[in-house]
Amino acid sequence: MSEFSDEDAFEAAVPLSRQAAAMRPSPWLDDLNPAQRQAVEALDGPVLMLAGAGTGKTKALTARIAHLMTTGRARPNEILAVTFTNKAAREMKDRVGRLLGQTVEGMPWLGTFHAICVKLLRRHAELVGLKSNFTILDTDDQQRLLKQLIVAENIDEKRWPPRMLAGLIDHWKNRAWTPQKVPASEASAFNHRGTELYDYYQRRLKELNAVDFGDLLLHMVTIFQDHPDVLEQYQRWFRYILVDEYQDTNVAQYLWLRLLAQSHKNICCVGDDDQSIYGWRGAEVGNILRFEKDFPGATVVRLEQNYRSTPHILAAASGVIDANQGRLGKTLWTAEEQGEKVRLIGHWDGDEEARWVGEEIESMAKGTRGMRSFSLDDMAILVRASHQMRAFEDRFLTIGLPYRVIGGPRFYERMEIRDAMAYFRLAVSPDDDLAFERIVNTPKRGLGDKAQQKIQIAARENGASLVDGARILLQDKGLGGKGAAELRVLVDGIARWHDAVRAGERSHIELAEVILDESGYTTFWQNEKSPEAPGRLENLKELVKALEGFENLQGFLEHVALIMDNESESEGAKVSIMTLHGAKGLEFPAVFLPGWEDGLFPSQRSMDESGLKGLEEERRLAYVGITRAEEVCTISFAANRRVYGQWQSALPSRFIDELPADHVEVLTPPGLYGGGYGAAGMAASASPQIMAESQSDLHDRASRADVYNSPGWRRLQERSQQRPMSQPRESRNMVVDAEAVSSFTEGDRVFHQKFGYGTVTGLEGDKVDVSFDKAGSKKLVGRFLVEAAQAGDVPF
């Protein structure tokens, strides 16, 4: 067994004796509020620092480390301080150094879980069958190895891809399950071969003297469980343990920490159960919820004084999160007394939402909204799903509003969007060699480097484009096998799509769908089992949706090329756009939270896959979003979203119903929700008297309009009767004649905001077939139609 020569070598000499350290003053304690100071000074035994958003938890955590050292309780190398990111570890070390007035050296055990476990595993590698110079595989290496195993076992890798197996094994390792410990309930995974392949994979890793990232924790948990002497050694050496972001720990991390702390129990965990939003990657909110059961007699300190946000923002966040059952409970408060209420506004559709946000940002930057002016750097748009960014990026590029996407590329720079655009470019111009090079083997067609070189040679020798070069190569039988067959399908497809573009007989939106379908690109992402695949598919849907504003593919491609060319990476202030997950830990003076609609947020997929647990994590995500705002928080929703050219009605998020009335300013006249354009401008400019008159008038109109009689609207009314009323819900709580639902019959004359007047030709559930006078036949949801005679009374 590998270990240090003696304990004194581990406890490297520190110039300052414990007695002398205890006599040093601790000026940083004077900067702490009472709760922070309690958490810092409670040095003995288990401590849970339940730190709400913006309550100064990093300040308290670093003060605690400094306090441990200056009081002589622990030398720097006797403190195990664990974070989730290298950035957090560096910040913690820098802050401790500033508190002590010197550079902190000799803290080898301050770092991320993985960084610390690498050090420990290299010392004890032989206990799990490895050498100390083991290699750590990255994701590509891991998947390449898994592919070899899958092929060797004669498993269809297209149906059972390596990426899917990698995700499954990572899940099991996060749960601290070795192949032998995977429970029977999970044994049927990966076509009943998952645990078998997992075992083969682990054996192969040992043969290669390699580990993946999941092994770093798993091997150390195994060593501590199987070798009590090693565990006792580290329990003695790590006198105090501190853990940041405890709510984000997975089972393996949790077990590792419990094993190390079970002897002296000097563990301080800092976290916020209300900000546990990473369940999809293995985080277990239950770890922090059961802290007091794991460590009886633990000191629980609630940091509730917020130094970031206004009273209205904190009250709104608290109102939403209070609906969660699985939480320890705390109430954020601030010494500040002033501030804007959380603003709530509804829009007709997503494009209208993006237009309004763009105008609002420009107005706030000019200081024309009755509040101080904000720099573009002060403002952020936080979306639930990355595909939502497209509408905002398009709008900002069009009006020249500088922006940055944090946590990923801009929409039109994403891999799947570039691939799809390359297919569109070839349909418009088959001579586009750069586009052909990009997609010739995407998705895989068995056309490797040699085959592509042959295509290029054929093109050069004949002075032709690459598409024609490929056609010539096939005619001359210069390529055989699967690659030749797949290339012929691609070349024929490009010719067919180009003919369709020139003929102009089918809509460019439909043609785009056909291209993505016939090329196999959509199917490729549908079969891809990676966590990113669903998001890629949503982005492709959003790309097709973007085509609706153009007459043809060529016009759209020109638009994208021009706006991307005009967008420079110049310095200067920019609006930030990011996902809610990516925003955790950040803060902005002004925050926009768009897309608060059921199914989008909370995510339908999350609720379908995880039920109540998924819904509660979505609600925590809403809490995180609201608490990113310091001064101004604006929540918006749209009545309609267009998916693949079809309108889909949307119900405002249930989280909106949970916002407390006294802390919300409703910008949208309630009747305009679902009723037409202009809600934003009217809400922003109307006086209270005009607003009241408009609402009264719209109430009357709404009572006669089928647009408000959808099943979703009725559910909203039922829900409003079951729970205490809140302001946002009151803003939509209109008098609706329930008997008027589905009142259309064949032959009725109707009106639609976009397609105009038409005649009902058929009915199917809530869908209505209409033959429009100018737009032809359409199948629409009934809520978007009104009787022709009432069209003048409806606020379209």
Give every residue pair that meets the ring pair (Phe, Tyr, Trp, His ring centres under 6.0 Å) criterion with at least one member in residues 470-497, sequence neighbours excluded.
none

According to side chain to side chain contact (heavy atoms under 4.5 Å, CB included), who are the partners of Ala533, at least two apart in sequence or on a separate chain?
Trp525, Glu528, Ser530

Is any NZ, NE, NH1 or NH2 atom of the basic residue among Arg203 and Asp199 found under 4.0 Å from an Asp or Glu carboxylate oxygen of the other?
yes

Return the orientation label for the Tyr254 and Tyr246 ring planes: parallel under 30°, perpendicular over 60°, tilted otherwise.
tilted

May I ask you to say whether Arg390 pairs ionically with Asp394, meaning some side-chain N is under 4.0 Å from a carboxylate O?
yes

Closer than 4.0 angstrom, basic N to acidic O: yes or no for Arg384 and Glu618?
yes

Tell me the ring pair (Phe, Tyr, Trp, His ring centres under 6.0 Å) pairs involving residues 141-167, sequence neighbours left out?
Trp160-Phe190

Over-ring placement of Arg204 relative to Tyr201, 6.0 Å and 45° cut-offs
no

Presence of salt bridge, Glu532 and Arg414, under 4.0 angstrom
no

Salt bridge (Lys or Arg N to Asp or Glu O under 4.0 Å) filter on Arg144, not counting sequence neighbours, yields Asp141

Among residues two or more places apart or on two chains, list those pairs meeting ring pair (Phe, Tyr, Trp, His ring centres under 6.0 Å) that have a residue in residues 420-453.
none

Give every residue pair that meets the side chain to side chain donor-acceptor pair (under 3.5 Å) criterion with at least one member in residues 428-439, sequence neighbours excluded.
Asp419-Arg438, Arg425-Asp432, Glu437-Gln456

Quick one: sort the Phe224 and Tyr234 rings into parallel, tilted or perpendicular, breaks at 30° and 60°.
tilted

